[in-house]
Amino acid sequence: MTTEAKLIDGKAYAAGLRERVAGAVAQLKADHNLQPGLAVVLVGEDPASQVYVRNKHKQTLEAGMNSFEHRLDASTSGDDVLALVEQLNNDPAVHGILVQLPLPDHIDSEKVINTISPAKDVDGFHVINAGRLATGQDALVACTPVGCVLLAKDAMGDLNGANAVVVGRSNIVGKPVAQLLLQENCTVTIAHSRTKDLPGVCRGADLLIAAVGRPEMIKGDWVKPGACVIDVGINRIEREDGKTRLVGDVDFGSAKQVAGSITPVPGGVGPMTIACLLRSTVIAACAQAGVATPDL
Ligand code: NDP
């Protein structure tokens, strides 16, 4: 008899985290007259980015923080974007800066990201924060990877010694999530498009994290019985009736028959990203003000 995997409810976890952030913000205001502020820069009209930015603005305000939105025309020059980032770097009301990616092609994204003050880089993409994470120093860490590890710890408890396999090696998900898992004392394998026998590698995982961007690629028979499966993928596929639906990188239907716990898509990792962004903004604000970071 097979028992189905426990569903990891990212939506509920994220709601709880946002509540803890709101509590911390209220306390920081009362004790230190400190109101964390997040600035988001959006260049152009990419529809998905517009939805993300709207949700970030709404949830930032709901947490009691200041939210500063900067919407710039798609034709804005790289120099003008850099000038805005510098202005935000120097604004004491802004503790976190997020430049929504992708930027239009004529703008050098790497240069923009590396112009953000590392202390305000709440997306954790600045080379200084990536380097600090890789060398085990305090860092602002990319939000989706933090969300993955919070969910894995919640589902598995102690991650010490667990065999973790991360499929995907991007700078925004795969690499930072692998670094965080190393810090949790996992034995980490990073797999990618050139990995030999990917199904066999995945079958060795107590914790399997999929960040590939290929709909339903990871099948149930790639999953070790009882493993924890965290699916970062967000893929829009066409249904038979012509409408679209979201699926992950894991074939949820077959994987849930084998896994011990699994995140759904949607409702798993997705909602964690903004909650972790708010968390990072509080951490950044506390560091800038020289006050202790509340337990989040
Ligand atoms: P990238 O495209 O930057 O990276 C994908 C990685 O997957 C690469 O390292 C690539 O390998 C690897 N890969 C691609 N095809 C295969 C294959 N057939 N077998 C093994 N590995 C493969 O994607 P991201 O890291 O940016 O995003 C991954 C997924 O996560 C996407 O679906 C994205 O939408 C989602 N996502 C979700 C977020 C959220 O929940 N908020 C946030 C960010 C991303 P190689 O390096 O060899 O090319």
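In listed order, ligands and their atoms are each counted from 1. Just so it is clear, the values below take in all heavy atoms, side chains as well, and ignore hydrogens, waters and symmetry mates. Residues take their numbers from the sequence shown, with the count starting at 1.
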Worksheet item: Does ligand 1 have an atom that lies less than 4.0 angstrom from a heavy atom of Thr144?
Response: yes
Discussion item. Just by distance, no angles: are the side chains of Gln288 and Lys120 close enough, under 3.5 Å, to form a donor-acceptor pair?
Written reply: no
Practice prompt. Say whether Ile234, considering both its backbone and side-chain N or O atoms, lies within less than 3.5 Å of an N or O atom on ligand 1.
Written response: yes
Item to complete: Verify the cluster assignment for Val53 and Val43: are they in a single hydrophobic cluster under the rule of side-chain heavy atoms below 4.5 Å apart?
Response: no
Discussion item. Tell me whether ligand 1 is touched by Gly174 - counting only heavy atoms on the residue side and a distance under 4.0 Å.
Written reply: no
Discussion item. Quick one about Asp79 and Ser77 (side-chain donor to acceptor, distance below 3.5 Å, no hydrogens or angles considered), yes or no?
Written reply: no
Worksheet item: Between the side chains of Ser254 and Asp251, is a donor N or O closer than 3.5 angstrom to an acceptor N or O?
Response: yes
Worksheet item: Just which atoms of ligand 1 are under 4.0 Å from any heavy atom in Gly168?
Response: 6 (C), 7 (O), 9 (O)
Worksheet entry | Contacting atoms of ligand 1, where contact means under 4.0 angstrom from a heavy atom of Val232 | 30 (O), 35 (C), 36 (N), 37 (C), 40 (O)
Worksheet, complete the sentence: In this structure, OG of Ser117 is separated from NE2 of His126 (nearest 0.5 Å) by 7.5 Å
Worksheet item: What protein heavy atom is closest to atom 22 (C) of ligand 1, reported as residue, atom name and distance in Å?
Response: Val212 CG1, 3.5 Å
Worksheet, complete the sentence: For Ile172, the ligand 1 atoms with a heavy-atom partner under 4.0 Å come out as 26 (O)
Worksheet entry | Numbered atoms and elements of ligand 1 in range of Asn235, under 4.0 angstrom, heavy atoms | 32 (O)
Worksheet item: Tell me, which protein residue and heavy-atom name are nearest atom 8 (C) of ligand 1, and how many Å apart are they?
Response: Arg169 N, 3.9 Å
Item to complete: Examine Ile172 and Met272 and state if one hydrophobic cluster contains both, with Ile, Leu, Val, Met, Phe, Trp and Tyr joined whenever side-chain heavy atoms are less than 4.5 Å apart.
Response: yes
Worksheet entry | Non-hydrogen atom of Met272 closer than 4.0 Å to ligand 1 | no
Discussion item. Membership question, hydrophobic clusters at under 4.5 Å side-chain separation (ILVMFWY): are Leu180 and Leu151 in the same one?
Written reply: yes
Worksheet, complete the sentence: Per-atom filter on ligand 1: closer than 4.0 angstrom to a heavy atom of Ser170 are 3 (O), 4 (O), 9 (O), 24 (P), 25 (O)
Discussion item. Any heavy atom of Ala211 closer to ligand 1 than 4.0 angstrom?
Written reply: yes
Worksheet item: So which heavy atom in the protein is nearest atom 15 (N) of ligand 1, and how far is it from that ligand atom?
Response: Arg214 NE, 2.8 Å
Fill in: Contact atoms of ligand 1, heavy-atom distance to Leu198 under 4.0 Å
19 (N), 20 (C)
Worksheet entry | N/O donor-acceptor pair under 3.5 Å between His106 side chain and Thr76 backbone | yes
Worksheet item: Hey, is the main chain of Asp249 close enough, under 3.5 Å, to the side chain of Asp231 for a donor-acceptor pair?
Response: yes
Worksheet item: Would one find an N or O of Thr273, backbone or side chain, under 3.5 Å from an N or O of ligand 1?
Response: yes
Practice prompt. Identify, for atom 17 (C) of ligand 1, the protein heavy atom at the shortest distance, and state residue, atom and that distance.
Written response: Met217 SD, 3.8 Å
Item to complete: Tell me whether the guanidinium CZ or amine NZ of Arg245 lies under 6.0 angstrom from the six-membered ring centre of Phe252 and within 45° of its axis.
Response: no
Discussion item. Quick check on the hydrophobic clustering: are Val250 and Val201 connected, directly or via other members, by side-chain heavy-atom contacts under 4.5 Å?
Written reply: yes
Worksheet entry | Identity and separation of the nearest protein heavy atom to atom 10 (C) of ligand 1 | Ser193 N, 4.4 Å
Worksheet item: Nearest to atom 29 (C) of ligand 1 by heavy atom, Pro271, Gly213, Cys276: which?
Response: Gly213
Worksheet item: Counting from 1, what ligand 1 atoms have a heavy atom of Val173 closer than 4.0 Å?
Response: 25 (O), 43 (C), 44 (C)
Practice prompt. Please lay out, stage by stage, how Thr281 and His95 fare under the test side-chain hydrogen bond (donor to acceptor under 3.5 Å, both in side chains).
Written response: CA-CA 6 Å; Thr281 305; His95 303 94; over 6 Å; no
